[in-house]
Number of protein chains: 2
Amino acid sequence: MGIFSKTCEYAVRAVFFIAQRTADGSRVGIKEIAVNIDSPEHFLAKILQDLSRRGIIQSVKGPNGGFYLDAQSLARPLSDVIEAVDGGGIFRDCGLGLKECSSKNPCPLHHDFLDVRNRLQNMLESITIGQFNEDLNLGIVVLKK
Amino acid sequence: MGIFSKTCEYAVRAVFFIAQRTADGSRVGIKEIAVNIDSPEHFLAKILQDLSRRGIIQSVKGPNGGFYLDAQSLARPLSDVIEAVDGGGIFRDCGLGLKECSSKNPCPLHHDFLDVRNRLQNMLESITIGQFNEDLNLGIVVLKK
DNA sequence: ACAATAAAAGATATTTATATCTTTTATTGT
DNA sequence: ACAATAAAAGATATAAATATCTTTTATTGT
């Protein structure tokens with residue numbers, strides 16, 4: 001298990017891929033996405049359906065249909081994807097699983113964790129879905145393997 | 001899902017509790033541990049069996065038996081517990097799940113993640129199992145609820 | 001030796017995450 | 001209208017994590 005669930009990993013990779021692949025205003029189908037981010041097609045379909053319902057990504061059915069991102073979606077912080085899929089627990093929950101952990105009633109790791117979590121959150125809030133399009137085009141960063 | 005698995009959360013809480021509770025050289029039984037860290041007794045038993053086998057904690061059977069920590073174990077970094085239970089993936093694996101992600105072949109989040117993960121690792125390596133005994137005694141930090 | 005204790009080990013159950021397959025609905029071009 | 005396309009939705013399957021229960025083994029005090 002990584003920091004995120006597998007579902008969430010697929011979601012982020014897919015969103016980055018859709019951003020790059022449809023920057024020209026086109027759409028991209030589930031099959032092409034799955035192949036290019038190395039994920040199980042039908043499982044990814046479920047994930048994208050959910051993201052679409054939540055308005056994180058856009059989709060149209062039928063010929064020439066597929067998934068894409070509007071300007072607003074491209075500008076979203078990546079943290080929105082994480083929150084949509086895994087929930088915000090990773091940004092908020094106690095590292096040791098205590099429900100009532102707080103600065104008033106802290107677990108032993110509370111203060112240290114607060115720092116790490118805040119850094120993670122700041123990082124994911126400051127990254128936008130569309131910001132890697134160029135790096136992906138240039139092959140400087142990758143989404144599979 | 002938090003940063004760690006539930007198994008790992010129980011393990012860390014238990015280890016901290018054993019450290020404090022047996023600082024006087026005594027042992028503590030599984031039942032008392034489970035109650036005080038609010039975990040399912042039999043499940044925790046499995047976890048502690050495993051930690052015991054790996055030498056992260058100590059145990060003796062029979063009357064007056066139970067779990068305890070020797071001086072060496074008390075001085076261990078908390079990261080050893082995490083590694084034993086969840087594996088080191090959290091310190092090393094790609095945030096997006098790519099097997100071959102590296103500085104040469106990075107995912108879009110590679111550099112940012114490296115920073116967060118290193119901080120987490122440094123933090124967990126610099127915390128020792130025994131270092132919260134006093135705070136636990138004083139009630140400044142807690143292990144349940 | 002024996003009974004009591006407590007962890008170790010084994011077996012099984014339940015829940016959640018991950019994955020696959022099939023059917024339905026919306027959209028497009030002819 | 002119709003056929004083709006592609007996502008949405010529904011149903012089911014598999015694997016992994018979490019949890020529970022039972023039996024065995026080691027240790028202790030009598």
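These values consider heavy atoms only, across backbone and side chains, with no hydrogens, waters or symmetry-generated copies.
Comparing D/dG29, D/dA9, C/dA8 by their nearest atom to the side chain of A/R53 picks out D/dA9. Of the candidate nucleotides C/dA9, D/dA4, D/dT27, D/dA4 has the atom nearest to the side chain of A/P63.
Ranked by how close their nearest DNA chain C nucleotide is to the 5' end, B/G29 and A/R27 are led by B/G29. The residue among A/V60 and B/G62 whose nearest nucleotide of DNA chain C lies closer to the 5′ end is B/G62.
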Sub-3.5 Å pairs of nitrogen or oxygen atoms, protein against nucleotides 12-16 of chain C:
none

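Partners of A/S102 according to the side chain to side chain donor-acceptor pair (under 3.5 Å) rule, which considers only residues two or more places apart in sequence or in another chain, do not exist here.
The nearest whole Å value for the distance from the CG atom in B/D50 to the C1' atom in C/dG10 is 15 Å. Here the C1' atom of nucleotide C/dA7 and the NZ atom of B/K31 are 12 Å apart, to the nearest Å.
Within the cation-pi definition used here (under 6.0 Å to the ring centroid, within 45° of the axis), A/R117 does not qualify as a partner of A/F91.
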(request) Produce a footprint string for nucleotides 14-24 of chain D: one letter per nucleotide, 5' end first; B if the base is under 4.0 Å from any protein heavy atom, S if only the sugar-phosphate is, - if neither. (result) ----BBBBB--

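Within the nucleic acid shown, A/L48 has no heavy atom closer than 4.0 Å to any nucleic acid atom.
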Report, one line per pair, each donor and acceptor closer than 3.5 Å where one atom sits in a side chain of residues 50-62 of chain B; sequence neighbours left out.
unit_1 : atom_1 : unit_2 : atom_2 : d
B/D50  : OD1    : B/R53  : NH1    : 3.3
B/D50  : OD1    : B/R54  : NE     : 3.3
B/D50  : OD2    : B/R54  : NE     : 3.0
B/S52  : OG     : B/S59  : OG     : 3.2
B/Q58  : OE1    : B/D70  : N      : 2.9
B/Q58  : OE1    : B/S73  : OG     : 3.0
B/Q58  : NE2    : B/S73  : OG     : 3.1

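Grouping Ile, Leu, Val, Met, Phe, Trp and Tyr residues whose side-chain heavy atoms lie under 4.5 Å apart, directly or via other members, leaves B/L114 alone, with no other cluster members.
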(message) In dot-bracket form, 5' to 3', how is DNA chain D paired? Count Watson-Crick and G-U wobble pairs only if both distances fall under 3.5 Å, and write | where the partner sits on another strand.
(response) ||||||||||||||||||||||||||||||

